[in-house]
**Student:** 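So that we are looking at the same thing, I have put the structure below in structure tokens.
All ligand and atom numbering here is 1-based and tracks the order in the structure.
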Amino acid sequence: MKELISLVDEKLNEYMPVIYPEDIFKAMKYTLMLPGKRLRPIMCLETARMLGCDIKKAMPTACAIEMLHCQSLIHDDLPCMDNDDFRRGKPSNHKVFGEANAVLAGDALLTFAPQLIIEKSKDLNSETILKLVHEFTKWGGAYALIAGQVVDIESEGGKYVKSPEETLDFIHMNKTAALFRLAIRSGAIVSNAEANVLEELDNFASKFGLVFQIYDDIMDEISSFEELGKTVGKDKNSGKLTYVSLYGLQEAKSKFHSLIQECYDIINKYNSKIFTEILDKLRDRILGV
Ligand code: GRG
């Protein structure tokens, strides 16, 4: 896992040279190069590896997905959204570069990412590249990631069109699971996976996305700034709809445990040390809470 993280870090740095006007590239690279967990690129690469593909082929897409994720973090932290002063243990992008540059840095990451897939995926044919860019725009756009964020914002203060349970599922399937689905589906597409394998791994990614969000909600309640690198207890204070606020801590935990077991049941068939390590880390942190 550590080696994969270093490899991704190295590639992210290499793919984005800082040129004139430096301010925008510095702002883009600031959040991008802070120590994130790199879960999405790692899951993309590991999916490719376990399906018998050279991970080099998936590297531009894996890095592009991390850029999209970073864009969403930069914009999420803005005063007009979640208004958070810290991210990945450091001041948020807009705190360092100002709001205008943070908005632009997010926009620039979002547009640079598909450019990277197209320009750097030299080992892939154009049909595969087209599929990857299609997946990228689909999961990153208004039918997934942005939809999740919009409903998340709307739901603050109890404004629901659907029931709270349905609203919560919608938010997390779109705001969180969408990028895990993008990562794993992309790894499978690069590997020319059979349709049934793609479907099974996509199902794993959806479940993982929910598990991860329940984990995130629980951590917001029980963890510290030092561990998370961002402000804790914000969800509660802003009246956000979360697994913990809707179901309570114990019920959120029991949902977490049953869903993570379903994740193990699927991924165990693929014999992946990396996926097992990721699941173990989440499970062990919540155990005993
Ligand atoms: C795509 C134009 C466009 C806009 C994006 C702002 C926004 C719309 C969406 C916000 C999505 C968001 C912040 C979801 C939270 C998901 C989540 C649990 C993030 C934390 O992920 P980690 O823990 O973070 O993997 P690190 O820092 O480790 O990478």
Side-chain angles (χ1 to χ4, degrees), residues 1 4-5 8-9 12 30-44 62-84 86-94 99 102-114 135-156 168 170-183 205 208-221 223 225 227-232 234-235 238 240-244 256 278 281-282 285:
M1 184 98 163
L4 266 186
I5 293 177
V8 168
D9 286 347
L12 286 171
Y30 171 73
T31 305
L32 189 64
M33 299 315 296
L34 287 177
K37 294 182 283 301
R38 309 293 189 219
L39 281 177
R40 296 150 192 85
I42 284 175
M43 287 180 158
C44 176
C63 289
I65 295 168
E66 181 66 14
M67 288 175 190
L68 167 61
H69 169 58
C70 273
Q71 176 273 335
S72 76
L73 300 179
I74 293 172
H75 283 187
D76 190 51
D77 291 337
L78 287 168
C80 62
M81 298 220 194
D82 244 16
N83 193 18
D84 208 316
F86 292 95
R87 176 65 68 177
R88 294 178 165 174
K90 293 279 186 248
S92 312
N93 201 286
H94 64 276
E99 276 183 52
V103 170
L104 291 169
D107 294 344
L109 282 166
L110 187 64
T111 46
F112 183 61
E135 292 281 329
F136 183 95
T137 50
K138 188 170 78 176
W139 298 109
Y143 292 93
L145 181 62
I146 295 176
Q149 180 75 346
V150 167
V151 178
D152 187 44
I153 292 170
E154 273 178 8
S155 75
E156 271 181 46
L168 187 67
F170 183 91
I171 292 171
H172 297 318
M173 278 310 294
N174 289 285
K175 203 182 83 164
T176 306
L179 292 199
F180 290 114
R181 293 178 78 181
L182 169 64
F208 180 84
L210 289 186
V211 162
F212 190 73
Q213 189 57 55
I214 303 175
Y215 171 86
D216 201 65
D217 288 354
I218 295 175
M219 292 300 274
D220 186 68
E221 189 88 5
S223 187
F225 175 82
E227 187 179 8
L228 294 189
K230 59 179 182 175
T231 315
V232 289
K234 273 200 89 224
D235 294 350
S238 61
K240 236 183 213 242
L241 185 60
T242 71
Y243 280 93
V244 177
F256 171 88
I278 292 170
K281 273 203 177 133
L282 299 184
R285 181 61 184 88

**Student:** Taking NZ, NE, NH1 and NH2 as the nitrogens, is one of them in K175 or D152 under 4.0 Å from a carboxylate oxygen of the other?
**Tutor:** yes
**Student:** I need the nearest protein heavy-atom contact for atom 27 (O) of ligand 1: residue, atom name and distance, please.
**Tutor:** R88 NE, 2.8 Å
**Student:** Considering heavy atoms of the protein only, find what lies nearest to atom 16 (C) of ligand 1 and give residue, atom and distance to 0.1 Å.
**Tutor:** T176 OG1, 3.7 Å
**Student:** Has ligand 1 got any nitrogen or oxygen that is less than 3.5 angstrom from a nitrogen or oxygen of H69?
**Tutor:** yes
**Student:** Does the H69 side chain pair with the main chain of L179, one donor and one acceptor, at a distance under 3.5 Å?
**Tutor:**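 Not at all, since once roles are kept as given, no pair shorter than 3.5 Å links the two residues.
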**Student:** Taking only non-hydrogen atoms of R87, do any sit less than 4.0 angstrom from ligand 1?
**Tutor:**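 R87: no contact with ligand 1 (<4.0 Å).
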**Student:** Test your reading of the model: is there a side-chain donor-acceptor pair from R88 to the backbone of T31, 3.5 Å cut-off?
**Tutor:** yes
**Student:** Check this for me: Y143, atom OH, are more than 12 non-hydrogen atoms of other residues, nucleotides or ligands nearer than 6.0 Å?
**Tutor:** no
**Student:** Distance-only, no hydrogens or angles: does the N174 side chain make a donor-acceptor pair with backbone N or O of F170 under 3.5 Å?
**Tutor:** yes
**Student:** Below 4.0 Å, non-hydrogen atoms only: which portion of Q71 touches ligand 1? Side chain, backbone, both or neither.
**Tutor:** side chain
**Student:** Look only at interatomic distance and state if K37 has a nitrogen or oxygen under 3.5 Å from any nitrogen or oxygen of ligand 1.
**Tutor:**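 In this structure, K37 places an N or O atom under 3.5 Å from an N or O of ligand 1.
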**Student:** Between D216 and K230, is the closest basic N to carboxylate O distance under 4.0 Å?
**Tutor:** yes
**Student:** Strictly distance-based, threshold 3.5 Å: is any side-chain N or O of S92 a donor or acceptor partner for the main-chain N or O of H94?
**Tutor:** no
**Student:** Report the nearest protein non-hydrogen atom to atom 11 (C) of ligand 1: residue, atom name, distance rounded to 0.1 Å.
**Tutor:** K175 CG, 3.6 Å
**Student:** Compare R40, H75, K230 and give the one whose heavy atom is closest to atom 17 (C) of ligand 1.
**Tutor:**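 The residue whose heavy atom sits nearest atom 17 (C) of ligand 1 is R40.
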**Student:** Run the numbers for me: atoms of ligand 1, each under 4.0 Å from some heavy atom of Q213, listed by number.
**Tutor:** 18 (C)
**Student:** Treating D217 as the side-chain partner and Y243 as the backbone partner, does any N or O pair qualify as donor plus acceptor under 3.5 Å?
**Tutor:** yes
**Student:** Among all the protein's non-hydrogen atoms, which is closest to atom 10 (C) of ligand 1, and how far away is it?
**Tutor:** Q149 OE1, 3.2 Å
**Student:** Can you sort out which atoms of ligand 1 are near G140, meaning under 4.0 Å from one of its heavy atoms?
**Tutor:** 1 (C)
**Student:** Relative to ligand 1, is L110 under 4.0 angstrom through side chain, backbone, both or neither, heavy atoms considered?
**Tutor:**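 Side chain only.
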